[in-house]
Trainee: 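Please see the structure below; I have some questions.
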Amino acid sequence: MNVINYGYEFHCPFGFVGCNLSFDPTQTDAYISHTVTHFYDHGPPPKTVCIFCPQTFENRNDRVANWRERMRHIADHFRRLERFEHTGPDFFLIEYMRMKRIISHEDYKWATGHTERRACDGLVDFGHKTSDMRRRDARSNEERHDMEKDDRYRQRHMASKGKRKDRRRN
């Protein structure tokens with residue numbers, strides 16, 4: 001029997017939890033059935049997005065049919081020879097799996113760490129502080145205010161303003 005090489009396979013989209021199975025293109029139903037097993041007793045999420053393109057799938061009344069539609073759509077991407085390496089995460093799916101406690105906190109963090117931003121020198125995380133900024137913050141937190149000194153300064157400042165006004169009147 002000759003094996004046909006289609007040039008692609010259906011890769012399980014649950015690689016982020018360690019599933020590296022792939023299916024022959026003639027096994028679309030087995031592929032879809034396999035992916036449903038990753039939800040255990042919870043069933044698929046009501047809303048998902050394609051891992052190749054921004055198309056969303058939402059059906060709260062029949063989540064299994066919604067999932068099948070999504071997976072057939074993804075299978076079509078594979079048939080067009082789009083590469084699994086070019087997929088992105090489905091954050092709706094990942095969040096659903098976290099809420100249902102299907103994935104661990106570590107798997108969730110890894111799966112949500114994806115970015116489509118190109119690497120760029122000099123970019124830092126939001127809220128990042130340089131060592132100079134941290135030193136400045138530490139110094140400002142250490143500063144103690146002498147209220148009596150502040151009061152004396154204010155009184156002198158106000159007194160000198162009053163003298164200036166008097167000079168102008170003369």
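Everything numeric in this text was worked out from a predicted model, so none of it was measured. Quick note: residue numbers are just sequence positions, from 1.
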Trainee: For the OG atom of Ser104 and the CZ atom of Arg98, what is their distance to the nearest 0.5 Å?
Mentor: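 Here the interatomic distance stands at 12.0 Å.
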Trainee: Is any side-chain heavy atom of Tyr108 closer than 4.5 Å to a side-chain heavy atom of Phe16?
Mentor: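 Tyr108 does not reach Phe16 side chain to side chain.
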Trainee: Would Thr26 and Asp24 count as a side chain to side chain donor-acceptor pair (under 3.5 Å) if you check the C-alpha gap in whole Å, the side-chain angles of each, and the deciding distance to 0.1 Å?
Mentor: CA-CA 5 Å; Thr26 60; Asp24 186 82; 2.5 Å; yes
Trainee: If hydrophobic clusters are built by linking Ile, Leu, Val, Met, Phe, Trp and Tyr wherever their side-chain heavy atoms come under 4.5 Å apart, do Phe91 and Tyr96 end up in the same one?
Mentor: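 Result: yes, single cluster for both.
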Trainee: Under 3.5 Å, is there a donor-acceptor pair between the side chain of Arg134 and the main chain of Lys129?
Mentor: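 Here the side-chain-to-backbone pair exists.
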Trainee: Under 3.5 Å, is there a donor on one side chain and an acceptor on the other for Trp67 and Thr35?
Mentor: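 Side chains of Trp67 and Thr35: pair found under 3.5 Å.
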Trainee: Begin with the C-alpha distance, continue with both residues' side-chain angles, and end with the deciding distance and a verdict on side-chain contact (heavy atoms from CB on, under 4.5 Å) for Glu148 and Asp151.
Mentor: CA-CA 5 Å; Glu148 291 175 7; Asp151 286 342; 5.6 Å; no
Trainee: Are Ile103 and Leu93 connected, step by step, through hydrophobic side chains (Ile, Leu, Val, Met, Phe, Trp, Tyr) whose heavy atoms are closer than 4.5 Å?
Mentor: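 Linked within one cluster.
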Trainee: How long is the straight-line distance from NE2 of His42 back to CE of Met97, given to the nearest 0.5 Å?
Mentor: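 If I round to the nearest 0.5 Å, the distance is 9.0 Å.
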Trainee: State whether the side chain of Tyr31 and the backbone N or O of His11 hold a donor-acceptor pair below 3.5 Å, judged by distance alone.
Mentor: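 Looks like yes, one N/O pair under 3.5 Å.
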Trainee: Roughly how far, to the nearest 0.5 Å, is the OG1 atom of Thr37 from the CD1 atom of Ile32?
Mentor: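 OG1 of Thr37 is found 12.5 Å from CD1 of Ile32.
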Trainee: Roughly how far, to the nearest 0.5 Å, is NE2 of His77 from OG1 of Thr87?
Mentor: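 These two atoms lie 10.5 Å from each other.
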Trainee: For Thr28, run the side-chain hydrogen bond (donor to acceptor under 3.5 Å, both in side chains) check against Arg72, Arg68, Arg79 and tell me which one passes.
Mentor: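 Exactly one option meets the side-chain hydrogen bond (donor to acceptor under 3.5 Å, both in side chains) with Thr28, and it is Arg79.
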Trainee: State the OG1-CG distance between Thr130 and Asp132, to the nearest 0.5 angstrom.
Mentor: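 Taking OG1 in Thr130 and CG in Asp132, the distance rounds to 5.0 Å.
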Trainee: Applying the 4.5 Å side-chain criterion to the ILVMFWY set and letting contacts propagate, would Val36 and Val49 be lumped into a single cluster?
Mentor: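 No, Val36 does not connect to Val49 through the hydrophobic network.
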Trainee: Could you verify whether a donor N or O on one side chain and an acceptor N or O on the other, from His73 and Arg70, lie under 3.5 Å apart?
Mentor: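 On atom types as modelled, these side chains do not qualify, holding no pair under 3.5 Å.
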Trainee: Report yes or no: do Ile74 and Val64 belong to one cluster of Ile/Leu/Val/Met/Phe/Trp/Tyr joined by side chain heavy-atom distances under 4.5 Å?
Mentor: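 Each belongs to a different hydrophobic cluster.
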Trainee: Would you please classify the geometry between the Phe14 ring and the His38 ring as parallel, tilted or perpendicular, with 30° and 60° separating the classes?
Mentor: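 Parallel, since the angle between the ring planes stays under 30°.
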Trainee: Over all heavy atoms of both residues, which pair between Asn20 and Gly15 is shortest? Give the atoms and the distance, please.
Mentor: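 Taking Asn20 first and Gly15 second, the nearest heavy atoms are OD1-CA, 4.4 Å.
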Trainee: Is there side-chain contact between Cys53 and Gln55, with heavy atoms separated by less than 4.5 Å?
Mentor: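 In short, these two side chains touch, coming nearer than 4.5 Å.
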Trainee: Would you say Asn66's side chain and Glu58's backbone share a donor-acceptor pair under 3.5 angstrom?
Mentor: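 At least one qualifying donor-acceptor pair exists.
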Trainee: Considering only heavy atoms from C-beta outward, does the side chain of Pro89 approach that of Ile94 to under 4.5 Å?
Mentor: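 Touching, per the 4.5 Å side-chain cut-off.
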Trainee: Could you check whether Glu106 pairs with Lys109 (Lys NZ or Arg NE/NH1/NH2 to Asp/Glu carboxylate O, under 4.0 Å)?
Mentor: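 Looking at Lys109 together with Glu106, the answer is no, because their closest N to O distance does not fall below 4.0 Å.
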Trainee: As a quick check of understanding, evaluate ring pair (Phe, Tyr, Trp, His ring centres under 6.0 Å) for Phe52 and Phe78, giving each step before the final call.
Mentor: CA-CA 9 Å; Phe52 285 98; Phe78 283 125; 5.3 Å; yes
Trainee: Check whether Phe57 and Phe10 end up in the same hydrophobic cluster, where Ile, Leu, Val, Met, Phe, Trp and Tyr are linked by side-chain heavy atoms less than 4.5 Å apart.
Mentor: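 The answer is no; the residues belong to distinct hydrophobic clusters.
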Trainee: Heavy atoms only: give me the nearest Cys12-His34 pair and the separation to one decimal.
Mentor: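 Closest pair (atom of Cys12, atom of His34, distance): SG-NE2, 3.4 Å.
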Trainee: What I want to check is whether the side chains of Tyr40 and Arg101 have a donor and an acceptor closer together than 3.5 Å.
Mentor: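 The answer is no; no qualifying pair exists.
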Trainee: So, Arg63 side chain and Pro44 main chain: donor-acceptor pair closer than 3.5 Å or not?
Mentor: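 Yes, Arg63 side chain to Pro44 backbone: donor-acceptor pair under 3.5 Å.
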